[in-house]
Participant: 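Could you have a look at this structure, given as structure tokens, before my questions?
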Amino acid sequence: MRVDPTVSCSSCDAVCCRLTVVVMPEDIVPRHLVERTAQGLDVMARDEEGWCVAIDHRHMRCSIYEQRPGICRKFAMGSAYCRDERETYRDQVARGIPLTVIHDR
């Protein structure tokens with residue numbers, strides 16, 4: 001996995017905090033932050049604008065960082081996936097595509 005050391009969370013719009021995060025049984029996440037999908041998966045809940053409900057909007061960082069799900073721990077800053085998500089986000093914003101989430105509850 002090639003990580004770009006020039007990529008920093010401090011210069012990002014927390015794009016990863018808009019991705020679907022599956023919560024595994026071994027994750028110790030406060031249950032009030034988790035919702036079950038129509039397909040039966042436990043995922044981090046999102047607010048009306050599509051943000052993970054665990055994000056601290058004032059500081060744009062995870063409010064449960066020490067208890068964040070394993071999948072969040074594996075998401076590497078500057079990785080190819082991170083850079084791809086950032087590029088997709090920038091493209092959508094530039095094209096005026098609204099960043100909304102369709103809930104399937």
Side-chain angles (χ1 to χ4, degrees):
M1 168 174 73
R2 189 177 75 71
V3 172
D4 181 345
T6 65
V7 174
S8 170
C9 291
S10 63
S11 63
C12 183
D13 289 337
V15 176
C16 58
C17 297
R18 297 179 63 86
L19 298 173
T20 299
V21 174
V22 176
V23 178
M24 302 304 289
E26 62 271 15
D27 291 327
I28 312 296
V29 174
R31 297 312 296 174
H32 69 280
L33 301 177
V34 177
E35 63 185 17
R36 183 154 288 181
T37 68
Q39 295 77 26
L41 292 173
D42 285 341
V43 297
M44 289 298 295
R46 296 193 219 180
D47 67 17
E48 308 79 44
E49 296 177 355
W51 294 99
C52 173
V53 294
I55 195 168
D56 171 353
H57 286 278
R58 184 172 180 205
H59 299 103
M60 290 309 284
R61 62 180 175 217
C62 183
S63 66
I64 61 164
Y65 189 79
E66 295 303 319
Q67 293 177 287
R68 72 193 186 281
I71 198 162
C72 295
R73 294 173 187 276
K74 292 176 184 169
F75 191 89
M77 176 179 65
S79 67
Y81 185 31
C82 169
R83 295 188 315 268
D84 184 56
E85 287 299 322
R86 285 172 159 224
E87 183 60 33
T88 299
Y89 169 77
R90 282 190 294 267
D91 179 60
Q92 288 176 334
V93 169
R95 293 179 15 199
I97 298 172
L99 300 173
T100 57
V101 173
I102 299 171
H103 292 280
D104 61 347
R105 293 184 233 155

Participant: Strictly below 4.0 Å, N to O, side chains only: are Arg31 and Asp42 in salt-bridge contact?
Facilitator: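 Yes, charged N to carboxylate O under 4.0 Å.
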
Participant: To the closest 0.5 Å, what do you measure between CD (Glu85) and SG (Cys17)?
Facilitator: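 It comes to 12.0 Å.
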
Participant: Please confirm whether the backbone N or O of Arg68 pairs with a side-chain atom of Arg73, one donor and one acceptor, at under 3.5 Å?
Facilitator: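 Yes, the answer is positive, given that a donor and an acceptor are paired below the 3.5 Å cut-off.
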
Participant: Kindly give the heavy-atom pair with the smallest separation between Val7 and Cys82, and that separation in Å.
Facilitator: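 Heavy-atom minimum between the residues: CG1-SG, 4.1 Å.
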
Participant: Give a yes or no on this: more than 12 heavy atoms of other residues, nucleotides or ligands lie within 6.0 Å of atom CZ of Arg58.
Facilitator: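 Open: at most 12 neighbouring heavy atoms sit under 6.0 Å from CZ of Arg58.
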
Participant: Check for me whether Arg18 meets the cation-pi criterion with Trp51, that is, NZ or CZ under 6.0 Å from the six-membered ring centre and within 45 degrees of the ring axis.
Facilitator: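 Output yes; distance and angle both within limits.
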
Participant: Do Ile64 and Leu33 have side-chain heavy atoms sitting under 4.5 Å apart?
Facilitator: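 Contact flag for Ile64/Leu33 side chains = yes.
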
Participant: Search all heavy atoms of Asp47 against all heavy atoms of Val53 and return the closest pair with its distance.
Facilitator: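 Of all heavy-atom pairs spanning Asp47 and Val53, the closest is N-CG1, 3.7 Å.
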
Participant: Any side-chain heavy atom of Val29 within less than 4.5 Å of one from Gln67?
Facilitator: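 Counting from C-beta outward, Val29 and Gln67 never come under 4.5 Å.
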
Participant: Linking I/L/V/M/F/W/Y whenever any side-chain heavy atoms sit under 4.5 Å apart, do Val43 and Ile55 land together?
Facilitator: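 As far as the 4.5 Å side-chain criterion goes, Ile55 and Val43 are not connected within one cluster.
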
Participant: With the side chain counted from C-beta on, respond yes when Cys72 and Val21 share a heavy-atom pair under 4.5 Å apart, and no when they do not.
Facilitator: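 Of all side-chain heavy-atom pairs linking Val21 with Cys72, at least one is under 4.5 Å.
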
Participant: Between Asp27 and Gly70 (side chain of the first, backbone of the second, donor and acceptor by atom type, cut-off under 3.5 Å), is there such a pair?
Facilitator: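 It does hold such a pair.
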
Participant: Using modelled atom types and a 3.5 Å cut-off, is there a donor and acceptor pairing between side-chain atoms of Ser63 and backbone atoms of Asp56?
Facilitator: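 No, the answer is negative, given that no donor and acceptor are paired below the 3.5 Å cut-off.
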
Participant: Taking the side chain as everything from C-beta on, heavy atoms only, tell me whether Tyr81 gets closer than 4.5 Å to Leu19.
Facilitator: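 In contact.
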
Participant: May I ask you to test the Thr20-Met44 pair for a side-chain heavy-atom distance under 4.5 Å?
Facilitator: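 They are not in side-chain contact.
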
